[in-house]
Amino acid sequence: MVERSFLARPGLAVAPELLGSVLRHTTSEGTVAVRLTEVEAYQGAEDPGSHAFRGRTPRNEVMFGPAGHLYVYFTYGMHFCANVVCDVDGTATAVLLRAGEVVEGASLAAVRRPSARAPREYARGPARLTSALGLGRAENGADLCSPGSATALEPGPPVDAGRVRTGPRVGVSGPGGDGVAFPWRFWLDGEPTVSPYRPHVPKRRK
DNA sequence: TCGTAGATCGACT
DNA sequence: GTCGATCTACGAT
């Protein structure tokens with residue numbers, strides 16, 4: 001079980017140390033656990049790309065709460081994405097879980113992700129990861145740091161610091177408006193489950 | 001293997 | 001009414 005104090009820091013500090021951790025979710029169907037290989041930090045009010053940028057709403061309520069809870073939101077009409085809420089109560093920073101490797105419950109993950117051709121694709125991508133774990137609206141606000149919780153975050157095997165890679169999010173400058181892009185994405189080099197980098201280009205519909 | 005269009009609905013303006 | 005922290009199918013190469 002990850003200590004809540006570990007998460008009660010800015011998402012930017014927590015994110016790289018979260019790589020390699022294992023998120024386990026148990027339902028009536030069974031248990032699926034994913035070892036995180038790619039995450040992205042969201043700096044709340046300082047991040048134009050964050051749900052919390054325009055202030056507190058019923059939707060992002062959980063982000064403003066205490067650390068160690070799960071923020072699950074619905075997007076694009078069909079997908080769920082999951083974040084680990086960080087920092088102290090009242091501060092809306094979080095870490096988006098972008099990709100991971102299924103290390104337990106692969107058969108159940110296969111049922112939930114029928115379109116995946118290989119096990120490495122079970123959780124390769126934010127929406128795929130939540131799908132493989134079986135996370136949904138019901139898990140929004142779930143406590144990750146309480147013993148016996150159906151949704152839990154656990155320390156994984158030690159990660160070689162040399163394999164941790166970072167990347168700036170294109171077009172987003174850091175606090176202070178100095179024009180410097182901050183490295184808010186973190187992933188483990190060489191992991192086949194890391195999603196391919198694609199610049200964020202919102203598509204316009206007709 | 002790569003690139004693009006379409007799907008689909010809740011939150012916010 | 002508009003847009004989105006995306007995924008998948010499908011056509012082209």
Exercise. Looking at Ser115(A), does any N or O in its side chain come under 4.0 Å of the phosphate oxygens OP1/OP2 on dT8(C)?
Worked result: yes
Exercise. Is there a side-chain polar atom (N or O) of His51(A) under 4.0 Å from OP1 or OP2 of dA5(C)?
Worked result: yes
Exercise. Do the side-chain N or O atoms of Arg113(A) get closer than 4.0 angstrom to the phosphate oxygens (OP1, OP2) of dT8(C)?
Worked result: yes
Problem set entry | Nucleotide-level pairing of DNA chain B, given in dot-bracket where Watson-Crick and G-U pairs need both distances under 3.5 Å and | marks other strands | |||||||.||||.
Exercise. For the residue pair His79(A) and Phe74(A), is the inter-centroid distance of their aromatic rings smaller than 6.0 Å?
Worked result: no
Problem set entry | Nucleic acid contacts of residues 55-66 of chain A, taken as heavy-atom distances under 4.0 Å to DNA chain B | Thr57(A), Arg59(A)
For this session: Using only heavy-atom distances, decide whether a donor-acceptor pair under 3.5 angstrom links the side-chain of Tyr73(A) to the base of dA11(B).
Result: no
Exercise. Among Leu135(A), Val84(A), Asn83(A), whose side chain to side chain contact (heavy atoms under 4.5 Å, CB included) with Leu97(A) holds?
Worked result: Val84(A)
For this session: State whether the aromatic ring of Phe74(A) stacks on the base of dG10(B), taking stacking to mean ring centres under 5.5 Å apart and ring planes under 30° to each other.
Result: no
For this session: Would you check if Tyr76(A) stacks with the base of dA7(B), given a 5.5 Å centroid limit and a 30° plane limit, both strict?
Result: no
Exercise. In a check of side chain to side chain contact (heavy atoms under 4.5 Å, CB included) between Phe80(A) and each of Leu133(A), Thr130(A), Asn140(A), which one passes?
Worked result: Thr130(A)
Problem set entry | Exceeds 12 heavy-atom contacts within 6.0 angstrom, atom CD of Glu61(A) | yes
Exercise. Is NZ or CZ of Arg124(A) both nearer than 6.0 Å to the six-membered ring centre of Tyr122(A) and within 45° of the ring axis?
Worked result: no
Exercise. Any side-chain heavy atom of Arg35(A) sitting closer than 4.5 Å to one from Thr37(A)?
Worked result: yes
Problem set entry | Whole angstrom value for the distance that separates C1' of dT8(C) from CZ of Arg128(A) | 8 Å
Problem set entry | Between P of dT8(C) and OH of Tyr122(A), the distance in whole Å | 13 Å
Exercise. Do you see a donor-acceptor pair shorter than 3.5 Å between the side chains of Tyr71(A) and His51(A)?
Worked result: yes
For this session: Using a cut-off of strictly less than 4.0 Å, decide whether Arg137(A) has a side-chain nitrogen or oxygen near OP1 or OP2 of dG10(B).
Result: no
Exercise. Taking everything shown except Arg120(A) itself, do over 12 heavy atoms lie less than 6.0 Å from its CZ?
Worked result: no
Exercise. Among residues 77-106 of chain A, which contact DNA chain B at a heavy-atom distance under 4.0 Å?
Worked result: Gly77(A), Met78(A)
Problem set entry | Length of the line joining Phe53(A):CZ and dC3(C):C1', which is rounded to integer Å | 16 Å
